[in-house]
Enquirer: 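Just passing along the structure, written as structure tokens.
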Amino acid sequence: MKLRLALPGIFIILCCACATPGRKLQCNLHVINLMAARGIYLPQADANGLDRYLRGSPQWQTLPKNDGHLDHNAAYKYAKKGKAVLLAYNTGTSASGHIVMVYGKKGMQYSNAWKTTVPYISGSLQGRAPAVALMSAHFNPAKEKRMSYYLYLK
């Protein structure tokens, strides 16, 4: 069985394996839909697969880290200018990763967990409806080594 999502001028078919029981939206589907609405292609893949695609695609640039730390300021700066910026966590295993879009319409806020300011993101967490939330609500610093920001170059 296939789940079909229609966006203005775009028709996407998603395999049912991508949705949780009861067709709850998962992070990968939310990001694929957000990018499709902007005319940006992403393959039908889980979060780990999307991370691998972004890392290898000439249309996406990995934002460099500063001393091994994510550059939240750069990611927010690009998102605020209307650029597509994604944040992905790849587990490196068959376990599910996570992917979100950086939301540039809200300013950054300090996160006690990250001990720095972090951007807001648009994402779906554990099958819940997509929402805008502080990045620290979706990711913890212990996963930072396997996380990357990606900037769409076109």
Side-chain angles (χ1 to χ4, degrees), residues 5 7-8 10 12 14 18-20 24-154:
L5 300 175
L7 299 171
I10 299 171
I12 302 172
L14 304 171
C18 298
T20 58
K24 292 180 181 178
L25 189 61
Q26 289 191 344
C27 63
N28 58 323
L29 301 183
H30 177 62
V31 168
I32 289 167
N33 290 341
L34 287 173
M35 294 300 101
R38 296 175 77 164
I40 300 171
Y41 167 81
L42 288 178
Q44 299 300 318
D46 64 14
N48 290 341
L50 288 173
D51 177 72
R52 287 188 298 275
Y53 170 79
L54 295 168
R55 188 171 306 280
S57 172
Q59 295 178 336
W60 291 87
Q61 174 186 338
T62 304
L63 294 181
K65 293 183 176 182
N66 294 324
D67 294 324
H69 296 287
L70 293 167
D71 190 343
H72 305 295
N73 291 317
Y76 172 72
K77 177 184 80 172
Y78 287 118
K80 187 175 180 181
K81 290 180 181 179
K83 301 281 189 181
V85 180
L86 303 179
L87 175 58
Y89 164 64
N90 188 329
T91 63
T93 69
S94 61
S96 181
H98 193 49
I99 189 165
V100 298
M101 183 184 79
V102 178
Y103 188 76
K105 295 180 182 178
K106 271 183 122 168
M108 295 175 59
Q109 287 207 356
Y110 186 81
S111 164
N112 287 328
W114 286 83
K115 305 219 182 320
T116 190
T117 55
V118 298
Y120 280 84
I121 54 87
S122 177
S124 174
L125 187 62
Q126 298 175 342
R128 292 187 217 121
V132 173
L134 203 55
M135 181 276 273
S136 55
H138 283 238
F139 299 98
N140 70 58
K143 297 180 177 178
E144 185 173 21
K145 287 183 181 180
R146 300 202 59 88
M147 294 171 63
S148 296
Y149 281 114
Y150 297 98
L151 171 66
Y152 187 66
L153 297 175
K154 291 192 175 188

Enquirer: Of all the heavy-atom pairs spanning Gly97 and Ala47, show the shortest one and how long it is.
Expert: C-CB, 3.5 Å

Enquirer: Quick one, Lys105 with Val132, criterion side-chain contact (heavy atoms from CB on, under 4.5 Å). Give me CA distance, side-chain angles, the key distance, then yes/no.
Expert: CA-CA 10 Å; Lys105 295 180 182 178; Val132 173; over 6 Å; no

Enquirer: Taking Asn48 for the side chain and Thr91 for the main chain, is one N or O donor matched with an acceptor at less than 3.5 Å?
Expert: yes

Enquirer: Indicate the atoms forming the closest heavy-atom contact of Leu134 with Tyr110, along with that distance.
Expert: CD2-O, 4.3 Å

Enquirer: Mind jotting down which residue pairs meet the side-chain hydrogen bond (donor to acceptor under 3.5 Å, both in side chains) criterion with at least one end in residues 145-154? Sequence neighbours excluded, please.
Expert: Asp51-Tyr150, Arg55-Ser148, Arg55-Tyr150, His72-Tyr149

Enquirer: If the condition is side-chain hydrogen bond (donor to acceptor under 3.5 Å, both in side chains), which residues does Glu144 pass it with, not counting sequence neighbours?
Expert: His69

Enquirer: Between atom NZ of Lys106 and atom CD1 of Ile121, what is the distance when rounded to the nearest 0.5 Å?
Expert: 11.0 Å

Enquirer: Taking C-beta and beyond as the side chain, do Ser111 and Met135 meet within less than 4.5 Å on heavy atoms?
Expert: no

Enquirer: Rounded to the nearest 0.5 Å, what separation is found between the CG atom of Asn66 and the CG atom of Asn73?
Expert: 9.0 Å

Enquirer: Going from CG on Leu54 to CG on Leu86, what distance comes out if it is rounded to the nearest 0.5 angstrom?
Expert: 5.5 Å

Enquirer: Given side chains that start at C-beta, do those of Tyr120 and Met108 come closer than 4.5 Å, heavy atoms only?
Expert: no

Enquirer: At their closest point, which heavy atom of Ala79 faces which heavy atom of Val102, and how far apart are they?
Expert: CB-CG1, 3.6 Å

Enquirer: Suppose the criterion is ring-ring contact (aromatic ring centres under 6.0 Å, His included): which pairs have a residue in residues 74-98, not counting sequence neighbours?
Expert: His98-His138, His98-Phe139

Enquirer: Can you name the closest pair of heavy atoms from Trp60 and Ala84 and give their distance?
Expert: CZ3-O, 3.8 Å

Enquirer: Is any side-chain heavy atom of Leu50 less than 4.5 Å from a side-chain heavy atom of Ile32?
Expert: yes

Enquirer: Quick one: closest heavy-atom pair of Ser122 and Leu34, and the distance?
Expert: OG-CD1, 3.8 Å

Enquirer: If every non-hydrogen atom of Gly123 is compared with every non-hydrogen atom of His30, which pair is closest and at what distance?
Expert: CA-CD2, 3.6 Å

Enquirer: Determine whether Leu63 and Leu70 make a side-chain contact, defined as any pair of heavy atoms from C-beta on separated by less than 4.5 Å.
Expert: no

Enquirer: Can you tell me how far apart CG (Leu29) and OG (Ser124) are? Round to the nearest 0.5 Å.
Expert: 8.0 Å

Enquirer: If you count every heavy atom of other residues, nucleotides or ligands that lies below 6.0 Å from Lys65 atom NZ, does the total exceed 12?
Expert: yes

Enquirer: Any side-chain to backbone donor/acceptor pair from Asn28 onto Ala45? Under 3.5 Å, distance only.
Expert: yes

